[in-house]
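Taking it in order: structure first as structure tokens, then the write-up.
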Amino acid sequence: GAGVSQTPSNKVTEKGKYVELRCDPISGHTALYWYRQSLGQGPEFLIYFQGTGAADDSGLPNDRFFAVRPEGSVSTLKIQRTERGDSAVYLCASSSTGGSVYGYTFGSGTRLTVV
Amino acid sequence: DQQVKQNSPSLSVQEGRISILNCDYTNSMFDYFLWYKKYPAEGPTFLISISSIKDKNEDGRFTVFLNKSAKHLSLHIVPSQPGDSAVYFCAASGRWNKLIFGTGTRLQVFP
């Protein structure tokens, strides 16, 4: 597709449930990033994939969060035993080489609400 | 600790005037600085960037200035237009092109 696609756009889940958030990057983009934006804050880095491997997962808040990118394209962010504090907009971005100069392309995000 | 700070949560400017958005950072190892614009229910969109070896970059109505000694950058929009009304995020690029964002400044341009 022309842009980064994230599904679902909105997700409401009960505390303690498991959720999966999907990101479909721009075709050919080898770098993929997940960020989380809480209310009133800027996006906060979670994890970076180069191809299929996670090159930097230092932003994942705890072991309830996990992300995969098995074929180097689509990525899934998985959250186990969701907590109310996980409520945020989860943003995915992709870039080709040189992302720091030209900037990433972000998707519209998945708004996760844990009730 | 917040490495990138935008101390003004909001700014209101009359159409046609200059908008100046400010950003401060603490880490001198950042190599690129970027500005993103965000409309409600959309992802941030890249606006303009500047390398740490430069002090100015201009693109149309948008100019970014970098003062490394003060660890400060600013975005100038001139002339401001109503369509510029959005939240603007300053970001710094570190290792692996990981971006560290400020908390944003909401710009409102009124007629």
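Bear in mind that the values here come from a model prediction, so they are computed numbers and not experimental data. Convention: sequence-line order gives letters A, B, ...; per-chain numbering from 1.
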Can you list everything that forms a side-chain contact (heavy atoms from CB on, under 4.5 Å) with Thr52(A)? Sequence neighbours excluded, please. none
Between Pro9(B), Pro44(B), Cys90(B), who has the most heavy-atom pairs with chain A when the cutoff is under 4.5 Å? Pro44(B)
Quick one: which of Lys98(B), Glu42(B), Gln6(B), Lys38(B) has the most heavy-atom pairs under 4.5 Å with chain A, could you say? Lys98(B)
Given a strict heavy-atom distance threshold of 4.5 Å, which part of Glu44(A) is in contact with chain B: side chain, backbone, both, or neither? neither
Expected list for residues 99-107 of chain B: side-chain donor-acceptor pairs under 3.5 angstrom, two or more places apart:
from: Thr105(B); atom 1: OG1; to: Ser8(B); atom 2: O; distance (Å): 2.6

Residue Ser9(A) versus chain B: region with a heavy atom under 4.5 Å: neither
Would you indicate whether Phe66(A), at its atom CZ, is surrounded by more than 12 heavy atoms from other residues, nucleotides or ligands within a distance under 6.0 Å? no
Ion pair present between Asp55(B) and Lys68(B), side-chain N to carboxylate O less than 4.0 angstrom? no
Salt bridge flag under 4.0 Å for residues Asp86(A) and Arg84(A): no
Counting heavy-atom pairs under 4.5 Å with chain B, the top scorer among Gly40(A), Pro43(A), Ser108(A) is Pro43(A)
